[in-house]
Chemist: 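I'd like to ask you about the structure that follows.
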Amino acid sequence: MTVAAIGFALVVAVGWIAFELSYASGIASANEQAQRRLMLFDRTLEAMIERFRYLPEAVSQAEESQQALENPGDPAAVEAANGILSQLNDTAGSSEIFIMDADGGVLAASNWWTLTSLVGTNYAFRPYFADAMKRGTAEYYAFGISTRVPGYFLSRRIEGPDGPLGVAVVKVNLGEIEATWWRSGELIGIIDVNDVVILSTRPDWRYRPLTTIEPSQARLVASEQLYGERGIDNTGVITARWPSRGGEFAYIDAGDPQASGYFVVEELRLPKHGWRIMSFIPAGPIAAGAQIMAAAASLGAVALLLVVALLVQRQRVIAARLAEHDRLEHRVAQRTAALHAANQQLRAEITERARADRERRDAQEGLVQAAKLASLGEALAGVAHEISQPVAALSTHLASAKLLATRKGDADTGAILSAMDKVIGRLTALTGHLKTFARKESDICVVSDLSEAVGNALELSAHKLKAFDVAVDLDMPQGPLPVRGNPVRLEQVLINLFSNAADAMEHAETRRLAVTVVRHAGMVAIRVADTGEGIAEGDLPNLFDPFFTTKEAGRGLGLGLSISYGLVRDMGGSLRAESTPGNGATFTLTLPLVWADATKIMEDA
Ligand code: ADP
C-alpha cells in the first residue's frame, strides 16, 4: 500500500518535473525565436523608412517648392509645386508629399487633385511641423486626419533667403509592412510611446492601449489627434500580464475563442522611435508539448518502477530459493548427523559385541585351561601320592645307608650317597610341586592385603634379585588393598613372577624390574615388567600350559605359571602376559578388590 503510494507520488513528481522543465525550455526557445523574428521585423521597418529619408530633403531643395512658398498667391507657382510633388510621390512610391508654409498651412500636396486633398488645411498642431521648424527635421507617426490613413511622417524645414519658408513633409504608408507581417502568420504589434498599438497583424488591435489606461490619460492622448478624430478605443489588448518560468505571459480575452488565450510575450525596443515591437506566441502548443513530455516521462518512470519491482520480486524469489536450499542443506546435515550418530551407536555395539565375544572366548579358554589343569591335577595327585611313599622310604633307607657308610668310614660310598640324597631332595621337591598343583582351593573366603603380599614377595625374592643384580622399582598406592584369597598363595604367585623376570634378565644389559600397582573401578592390577629377553610370539599361547618351559633341564619344570594361573583364577582374578621379544615381558595380575568394610576391618586390625 505504502509502496504503491510512494510509486504513484514518484511518477507524479517525475511527470511534474518533466512538464516544468519542458515548458520552461519551450518558452525559452519560443522567446529566442521570437527575438530573432522581431529583429528581422525591425530591420524591414527601418529599411522601409530609410527608403524615403532622402525625399524631404529633395522636396525642400526643389525650385518649385521654393517658388510656391515665396509666392503663395501665385497660382502658377502653386500648381507647379503640386505637379512636382505628385510626380515625386508617384516615382518614390510614398503615400503623400506636401509642403507647408511657415504657419502650418498646406500650400501644395501630391494629392491636390483628390477629394481628400490636403491643400488648404492647417497642421500647425502636428509635432512634425513644429519640431521641424524648430530643429530642422522631424519624424513622426500619425493618423492622417484628411486621408484617414495612418502613416509615418518625415519632415524637413525649407530654408529661404530670409529665414525658414516652411516645411516639406513626406508621409510613408506603413500598411505595406503590416501586410508582410500578417503573411508571416504571427501575432505582432508595434506599441508607441503612449503604450498604444499603432501597427498590428490584427486590425482590431489598432489604436487600442496595450492595457486599459486611465480615462483622463486616454483623453489627453486623444487630444493630440495622433490616432484620428475618434481618438483611441480604451479597451486594453491584453487582459493580464505576468512573468512566469523565465518568460512573460499574457492573457488575451478577444471575445472570439480563436484569438483568446494565453500567450508568451516577447518584445524588442526601438529606441529611435520610442516604440516596442511585441510578439505574442500562443502558450497552448508549448504547454501541450510539455504535457506530452510529462506523459512520456511519467510512462518512463512507470516502466522503470515496473522494472525495479520486477527485479525486487526476482530478488525475493532468489532469496526464497536460497533459503529453501539452506533449509534443505540443514535438513541433510541433520539427517547426516543422525546417520552418523546411528553409525557411531552401531560401531559401539559392534565393539561391545566384539568385547563380549572376546570375554566369552577368554572364559572358554579359561574353562578349557581349568579343565586341563583339573584333569592334570587329578592325574598328578595320583602320581605324587604314588611317588611320595617310595621316595620317603628311599630317603629313610638312604639316611640309614649314609649313617652306615659314615660309621665304616667309607668316604667314597658316603659321597655317592650324598649325591643320591640331592637327587632325592629334587624328587621330594617335584612331588611337593605336583601336590601343590593338584591341591583343591578351599580357602577362597580369606581376605588378604595385596600390598602386604607384594612387600613380602619382594622380600622373599630379594636374595635372587640381588644375586642377578636386578634393580627394583616399586610404585604402589598407600593403604591396604583387600583381595579375596590366601596370602601365602598370593605371595607364591608374585614370587614366581619375580623369579621368572630375574631368570629372563640374567644375560640382559639393563636389569630392571618395575612393579606397579594400580587401583581402578573396584579392581587392582599389579604389573610386573622386566627388561629381559622377552617371550617369542609363538610361545605366548602356551605360556600357561603345564610343563611349558624354555629353560634348560634342571632349571625349570614349566609348572610355575600354570599353577599361578589356577590360583589367580580361584581368587576371581586373571593373569595376562604381553611381550615384545628383546624388549622384556610384562605380566599383569588383576584381582577384584573386596568391599570397603573389609578395608576398614583390615585398617582397624
Ligand atoms: P619355569 O619357570 O619352570 O620354566 P614357568 O611356568 O614359570 O616355568 O614358566 C614357563 C616359561 O615361561 C618359562 O620357561 C619361560 O620360557 C617363560 N617365561 C616366564 N616368565 C618369563 C619372563 N619374565 N620372561 C621371559 N620368559 C618368561
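First listed ligand is number 1; within each ligand, the first listed atom is number 1.
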Chemist: So which heavy atom in the protein is nearest atom 14 (O) of ligand 1, and how far is it from that ligand atom?
Modeler: Thr550 N, 2.8 Å

Chemist: Report, in ascending order of atom number, the atoms of ligand 1 lying under 4.0 Å from any heavy atom of Ala501.
Modeler: 23 (N)

Chemist: Run the numbers for me: atoms of ligand 1, each under 4.0 Å from some heavy atom of Asn496, listed by number.
Modeler: 7 (O)

Chemist: Provide, to 0.1 Å, the distance between atom 23 (N) of ligand 1 and the closest protein heavy atom, together with that atom's residue and name.
Modeler: Asp530 OD2, 3.0 Å

Chemist: Of all the non-hydrogen atoms in the protein, which one sits nearest to atom 17 (C) of ligand 1, and at what distance?
Modeler: Leu543 CD1, 3.9 Å

Chemist: Please report which non-hydrogen protein atom sits nearest to atom 5 (P) of ligand 1, along with the residue it belongs to and the distance in Å to one decimal place.
Modeler: Leu561 N, 3.6 Å

Chemist: Evaluate the criterion salt bridge (Lys or Arg N to Asp or Glu O under 4.0 Å) for residue pair Glu349 and Arg353; output intermediate values, then yes/no.
Modeler: CA-CA 6 Å; Glu349 272 174 25; Arg353 197 154 296 179; 5.5 Å; no

Chemist: Please state which protein non-hydrogen atom is closest to atom 19 (C) of ligand 1 and give its distance, to 0.1 Å?
Modeler: Asn500 ND2, 3.3 Å

Chemist: Take a 6.0 Å sphere around CZ of Arg245 and say whether it holds more than 12 heavy atoms from other residues, nucleotides or ligands.
Modeler: yes

Chemist: Measuring from non-hydrogen atoms of Gly532 to any atom of ligand 1, is the shortest distance under 4.0 Å?
Modeler: no

Chemist: Distance to 0.1 Å, residue and atom name: give those for the protein heavy atom nearest to atom 8 (O) of ligand 1.
Modeler: Gly558 CA, 3.2 Å

Chemist: Can you sort out which atoms of ligand 1 are near Gly534, meaning under 4.0 Å from one of its heavy atoms?
Modeler: 25 (C)

Chemist: I need the minimum non-hydrogen distance between Leu460 and Glu491, along with the two atoms involved.
Modeler: CD1-OE1, 4.1 Å

Chemist: Just verifying a value: how many Å separate Thr336 OG1 and Glu329 CD, rounded to the nearest 0.5 Å?
Modeler: 10.0 Å

Chemist: Given Arg512, which partner from the list Asp530, Asp473, Thr531 fulfils the side-chain hydrogen bond (donor to acceptor under 3.5 Å, both in side chains) test?
Modeler: Asp473

Chemist: Hey, is Asp539 touching ligand 1 through its side chain, its backbone, both or neither, going by heavy atoms under 4.0 Å?
Modeler: neither

Chemist: I'd like to know if the side chain of Ser22 reaches the main chain of Phe19, judged simply by a donor and an acceptor atom lying under 3.5 Å from each other, with no hydrogens or angles considered.
Modeler: no

Chemist: Which atoms from ligand 1 have a heavy atom of Thr549 less than 4.0 Å away?
Modeler: 1 (P), 4 (O), 14 (O)

Chemist: Please indicate, with yes or no, if any protein heavy atom is found under 4.0 Å from atom 2 (O) of ligand 1?
Modeler: yes

Chemist: Got an N/O contact under 3.5 Å between Ala504 and ligand 1?
Modeler: no

Chemist: Test side-chain contact (heavy atoms from CB on, under 4.5 Å) on Asp539 and Phe548; report intermediate values, then the result.
Modeler: CA-CA 9 Å; Asp539 291 346; Phe548 174 81; 3.6 Å; yes

Chemist: Look at ligand 1 and say whether Phe544 reaches it with a heavy atom at a distance under 4.0 Å.
Modeler: no

Chemist: Could you tell me how the ring of Phe263 sits relative to the ring of Phe280: parallel (under 30°), tilted (30 to 60°) or perpendicular (over 60°)?
Modeler: perpendicular

Chemist: Measure up the Phe249 and Trp242 rings against each other and bin them: parallel (under 30°), tilted (30 to 60°), perpendicular (over 60°).
Modeler: parallel

Chemist: For the residue pair Lys402 and Asp421, what are the closest heavy atoms and their distance?
Modeler: NZ-OD2, 3.2 Å

Chemist: Counting each atom of ligand 1 from 1 as listed, which ones have a heavy atom of Ile535 under 4.0 Å away?
Modeler: 25 (C), 26 (N)

Chemist: N/O of Lys551 under 3.5 Å from N/O of ligand 1, yes or no?
Modeler: yes

Chemist: Considering only the protein, which heavy-atom contact is closest to atom 11 (C) of ligand 1, and what is its distance?
Modeler: Phe548 O, 3.7 Å

Chemist: Under the salt bridge (Lys or Arg N to Asp or Glu O under 4.0 Å) rule, what do Glu352 and Arg355 come out as? Steps first, then yes or no, please.
Modeler: CA-CA 5 Å; Glu352 177 59 27; Arg355 198 185 58 77; 2.8 Å; yes

